[in-house]
Participant: 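Mind having a look at this structure? Questions to follow.
All values derive from a computational prediction rather than experimental measurement. Below, chain A is the first sequence line, B the second, and so on; all start at residue 1.
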Amino acid sequence: MSQARKKAKIAIYWLGACGGCDSAIVDLGGSLLELAEKVEIVLWPAVLDFKYDRIRSLADNELALTIMSGCVRNSEHREMAELLRAKSRLVLACGACACFGGTPGLANLRQKGDIVSWVYGDAPTVVNPEGERPQPTCRVNGAELRLPAFYDHVHALHQVIEVDYYLPGCPPPVDLLLGAISALLSGKLPHRGSTLAPQKPLCDSCPRAASKPARLEIRTIHRCHEVEVDPTDCFLAKGVICLGPATRGGCGGTCLAANTPCRGCFGPVEGVRDAGARFLSSLAALIAPEDDEKLRELLEAIADPAGYGCRFTQPVSILGEQSCADDNEEE
Amino acid sequence: MMTERHPAIIVFTCNFGWGYQGDRESLALAIANWLPVTCCGSIEAEQILEAFRSGADGILILACPRGECHYHEGDSQIYKRVQLIKQLLAAHRIDPERLAIEFGRDPSGEAIPARVTGFARRLGQLDAPLAPGGDA
């Protein structure tokens, strides 16, 4: 028992998340068992049962590391993020949602009221003749129950608490995850605020790069389900939109291996302010110079360019960034 | 509701096509927020988005005539970039008409203020913008 007390304590927590990042940690396999020998996991809701009161009872900075995945969309996410921040010496934002807001961030392209109307009324699969809407409080058997407040916006983790390190990906690959956890627990700390992944774009390490022409010109646009691209061919050269040129590498090319173009889950390369804007600029440059009518046709064939640009990074984009302090707690 | 104030318009012009023979100081006094650039193809998407984020009501880009870019394809590059950025603006509930590109040539630059006035008039007919990402 006394030996257990000497082990470094870590927490693994999900905010607005799908659990994919937790699955990736489980995928560490044998390495996870070795890790569990060296550290004491005090909280991991996806896998183990612990009580929040135990976390509240810890001293500030008692945890060596918290690995936090998911975005911040409601007051419970914020409360837990702030609690774990106070108890942790290091916080790792794990996965695209924690780093950039992730796919839940696409919800920022709709207003909160529209989302609630759709989910509880207008969607064709919804049957709600009474027009019920979730209420922040209700009484059950004489006790008042409270729901977390649903914020106006989806936020990335660093917009709510200080984040020490970032590991992007949807989910992060096992090798980078293990490298990050090992480095952070061993005290071999890179520059605070670093993203623990390569700095260069995915195209630089793409196994299909050899088939990319020296001057790439897109003359037709296909969605990835409309054509079968040869597994060695550059997607963009075949007119299939791939975010490789503007996305940080390090993912291991798992989508490419499944003959699917990059969707941008590793976020922008080092130093780029707005992943979507930079991607759309690079895509525009690749569209072949044609007459205006043909150009218009090609540009219109790109289904939902804003969606491509915002898929994982809207909450940290120039137009999308919002301070969590501005989000009201009222329903 | 539109207010009486003048709309904040950022004006990019290409140095190869607009105002290069004119009196730059007089032009600068006549054109608020004037940003002459060496080729409109060099205007980054981030510059445009930052301008809207900072409260610009509209951005007018005056580029060289199609096919007459000094660097061969800057006109085409900015045209394509603008078309895609318009879609990003629309997704954020900013009317894409607030970003305009016009192609032409005016060495004296005397026509620029009139172009800006025309753009301001068109902006005045649009609904007031929402704060980016904000709820109404």
Participant: Sort A/Leu295 into side chain, backbone, both or neither according to what part of it lies under 4.5 angstrom from a heavy atom of chain B.
Facilitator: side chain
Participant: What option among A/Gly276, A/Ser317, A/Ser281 has the most heavy-atom pairs under 4.5 Å with chain B?
Facilitator: A/Ser281
Participant: Nearest 0.5 Å, please: how far is CG in B/Asp75 from SG in B/Cys39?
Facilitator: 8.0 Å
Participant: State, to 0.1 Å, how close A/His222 and A/Lys238 come at their nearest heavy-atom pair, and which atoms those are.
Facilitator: CD2-O, 3.3 Å
Participant: If I measure from the heavy atoms of chain B, does A/Ile302 come under 4.5 Å with its side chain, its backbone, both, or neither?
Facilitator: side chain
Participant: Measure the spacing between CZ of B/Phe103 and SG of B/Cys14 and express it to the nearest 0.5 Å.
Facilitator: 11.0 Å
Participant: Drop me the distance from B/Gln77's CD to B/Ile43's CD1, to the nearest 0.5 angstrom.
Facilitator: 12.5 Å
Participant: Under a 3.5 Å threshold, yes or no: a donor from one side chain and an acceptor from the other, between A/Arg296 and B/Tyr79?
Facilitator: yes
Participant: Is B/Glu50 close to chain A through its backbone or its side chain, or both, or neither, when contacts mean heavy atoms under 4.5 Å?
Facilitator: both
Participant: May I ask you to name which of A/Asp304, A/Val272, A/Asp114, A/Ile287 has the most heavy-atom pairs under 4.5 Å with chain B?
Facilitator: A/Ile287
